[in-house]
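In this text the structure is predicted, and so the values were computed from the model without any measurement. All ligand and atom numbering here is 1-based and tracks the order in the structure.
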Amino acid sequence: MRNNELEARMRSLEWFHSLTVLPGAWAVIRVDGRSFSRYTESRFDKPFDPRFSDLMVEAARALLTELGGRYAYTESDEISVLLDRSSDLFGREVEKLVSISASVATAAFALAAGEPVHFDSRVWVGTGLDDVVDYFSWRQADAARCALNGWCYWTLRGEGRTARQATRTLHETSVADKNELLFARGVNFNDVPAWQRRGIGLWWESFERPGRDPIREIEVTSVRRRLHIEEDLPMKDDYRELVRRLAEPGD
Ligand SMILES: Nc1nc2c(ncn2[C@@H]2O[C@H](COP(=O)(O)OP(=O)(O)OP(=O)(O)O)[C@@H](O)[C@H]2O)c(=O)[nH]1
Ligand SMILES: [Mg+2]
């Protein structure tokens with residue numbers, strides 16, 4: 001077989017290489033820590049540790065920067081990054097998007113933590129802005145659910161229940177009763193820090209920086225971009241409005 005034939009045949013077996021996110025569709029890349037239940041077990045406070053959250057924010061910052069995303073949202077051990085609808089990053093190739101996003105998150109987290117970790121990655125595709133808003137509402141609802149469960153679980157464990165007993169109790173308890181369970185033990189879930197209940201959002205913001213033009217010798221202002229990290233995100237409709245604005249500013 002001639003070399004160019006071999007080349008063509010081998011390339012044709014790279015089956016998934018041609019898989020791309022359709023033009024005009026919205027894409028969200030979501031990375032998630034691999035086996036982080038085990039990884040966090042002995043290293044971080046439960047149910048929430050600001051040191052762990054800082055590492056996730058560091059990874060989210062790297063993703064937003066490297067992927068040129070519009071908005072990043074992190075809760076628990078996951079990060080979602082919304083790409084611009086017209087983004088042509090890696091030619092919208094799915095293999096590249098998932099592998100590079102997983103590497104970016106892994107490298108940023110591992111460097112900051114000082115030890116190896118792994119992230120997986122997937123691509124979510126939405127056809128309209130409403131889908132995007134629903135997506136981020138869904139992840140925020142997941143944050144709230146996990147936070148309530150985590151607080152209840154570790155409160156019960158702290159009282160001496162086994163993992164099996166605590167899990168079973170929570171399985172049989174409604175949301176209202178979980179709030180009640182905490183309240184009876186001196187924890188008002190509404191007073192738990194917002195970043196734990198609602199997650200953390202990151203986006204680019206513009207600001208004006210005063211300076212001096214040395215040639216014309218006049219004062220000038222330049223517009224710069226910096227990362228905004230929001231640890232007190234709004235909820236429900238207000239959050240939906242925020243996501244809508246960040247996804248399509250000016251629309
Ligand atoms: N101690 C501690 N654990 C945390 C914190 N934030 C998230 N986690 C843990 O991260 C884990 C994330 O859950 P999953 O992603 O569903 O589980 P996983 O073990 O990572 O499994 P895979 O994602 O399927 O590989 C949960 O067990 C959380 O308890 C934190 O602030 N402190
Ligand atoms: Mg995980």
Side-chain angles (χ1 to χ4, degrees), residues 28-64 72-81 97-124 135-171 173 175 178-179 181-182 185 187 189-202 229-233 235:
V28 175
I29 314 290
R30 183 165 82 252
V31 301
D32 185 296
R34 176 182 171 223
S35 301
F36 267 31
S37 303
R38 188 150 32 95
Y39 171 70
T40 53
E41 176 91 50
S42 58
R43 291 172 172 82
F44 297 99
D45 292 340
K46 300 170 181 83
F48 289 97
D49 190 330
R51 289 181 304 125
F52 177 76
S53 171
D54 286 349
L55 293 168
M56 291 302 296
V57 166
E58 208 43 50
R61 178 203 300 271
L63 281 170
L64 203 58
Y73 173 75
T74 179
E75 56 113 350
S76 186
D77 69 338
E78 68 171 56
I79 304 163
S80 297
V81 181
L97 289 169
V98 295
S99 58
I100 293 180
S101 56
S103 331
V104 168
T106 297
F109 190 111
L111 263 181
E115 57 188 342
V117 292
H118 306 121
F119 280 85
D120 69 30
S121 179
R122 68 193 65 191
V123 185
W124 171 95
Y135 173 90
F136 283 98
S137 294
W138 169 52
R139 295 329 296 157
Q140 195 184 51
D142 183 74
R145 190 179 54 79
C146 291
L148 183 60
N149 277 336
W151 268 94
C152 287
Y153 179 84
W154 289 108
T155 300
L156 292 172
R157 292 295 305 275
E159 290 177 352
R161 310 269 183 103
T162 62
R164 183 191 284 256
Q165 286 168 337
T167 305
R168 195 193 180 114
T169 304
L170 291 182
H171 196 65
T173 308
V175 169
K178 284 176 189 166
N179 275 280
L181 182 155
L182 291 176
R185 289 156 176 86
V187 177
F189 187 64
N190 289 326
D191 294 339
V192 164
W195 64 268
Q196 300 183 9
R197 289 176 290 124
R198 302 180 188 176
I200 298 175
L202 298 88
I229 301 173
E230 184 57 67
E231 296 199 355
D232 193 7
L233 285 172
M235 278 174 75

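- Within the 3.5 Å criterion, the main-chain N or O of Ala166 finds no donor-acceptor partner in the side chain of Arg157.
- Between Asp142 and Arg139, at least one side-chain N (NZ, or NE/NH1/NH2) sits under 4.0 Å from a carboxylate O, which counts as a salt bridge.
- Note: Arg198 CZ to Glu231 CD = 13.0 Å, rounded to the nearest 0.5 Å.
- The Mg ion (ligand 2) lies closest to atom OD1 when only the N/O/S atoms of Asp32 are considered.
- The main-chain N or O of Asn190 is found under 3.5 Å from a side-chain atom of Arg197 such that the two form a donor-acceptor pair.
- The N/O atoms of Phe48, backbone and side chain alike, include none that comes under 3.5 Å of an N/O atom in ligand 1.
- For atom 23 (O) of ligand 1, the closest non-hydrogen atom on the protein side is Asp32 OD1, 2.8 Å.
- Each of Tyr135, Trp124, Tyr73 was checked for a side-chain hydrogen bond (donor to acceptor under 3.5 Å, both in side chains) with Ser80, and the lone residue meeting it is Tyr135.
- Within the listing of ligand 1, atoms 1 (N) sit less than 4.0 angstrom from a heavy atom of Lys46.
- The closest protein non-hydrogen atom to atom 15 (O) of ligand 1 is Asp77 OD2, 2.9 Å.
- Residue Thr106 comes nearest to Val117 through the heavy atom pair CG2-O, 3.1 Å, listed as atom of the first residue, atom of the second, then distance.
- Residue, atom and distance of the protein heavy atom nearest to atom 21 (O) of ligand 1 are Ser35 N, 3.8 Å.
- Checked by atom type and distance alone, the side chain of Arg185 pairs as donor or acceptor with a backbone atom of Leu181 at under 3.5 Å.
- For atom 28 (C) of ligand 1, the nearest protein heavy atom (residue, atom name, distance) is Ser76 OG, 4.3 Å.
- Using a cut-off of 2.8 Å, one finds that Gly33 contributes an N/O/S atom close to the Mg ion (ligand 2).
- With respect to atom 31 (O) of ligand 1, the closest heavy atom belonging to the protein is Asp49 N, 2.9 Å.
- For the pair Arg61 and Glu58, the salt-bridge criterion is met [side-chain N within less than 4.0 Å of a carboxylate O].
- With distances taken over non-hydrogen atoms, the option nearest atom 2 (C) of ligand 1 out of Asp45, Asp142, Asp120 is Asp45.
- Contact annotation: Ser53 has no heavy atom less than 4.0 Å from any atom of ligand 1.
- Put simply, no part of Cys146 is less than 4.0 Å from ligand 1, judged by heavy atoms.
- Here the protein heavy atom with the shortest distance to atom 9 (C) of ligand 1 is Thr40 OG1, 3.7 Å.
- Between the OH atom in Tyr39 and the CZ atom in Phe44 there is a gap of 4.5 Å [rounded to 0.5 Å].
- Closest protein heavy atom to atom 30 (C) of ligand 1: Pro47 O, 3.3 Å.
- By the criterion of a heavy-atom distance under 4.0 Å, the side chain of Phe52, and not its backbone, is placed next to ligand 1.
- Heavy atoms only, all atoms of each residue included: Phe52 and Ser76 are closest at CE2-O, 3.5 Å.
- Of the possible donor and acceptor atoms, none in the side chain of Gln196 sits under 3.5 Å from a partner among the backbone N and O of Pro193.
- Set against the non-hydrogen atoms of Arg34, the atoms of ligand 1 under 4.0 Å away are 25 (O).
- The protein non-hydrogen atom at the shortest distance from atom 19 (O) of ligand 1 is Ser37 OG, 2.7 Å.
- When the Mg ion (ligand 2) is compared with the N/O/S atoms of Asp77, atom OD2 turns out nearest.
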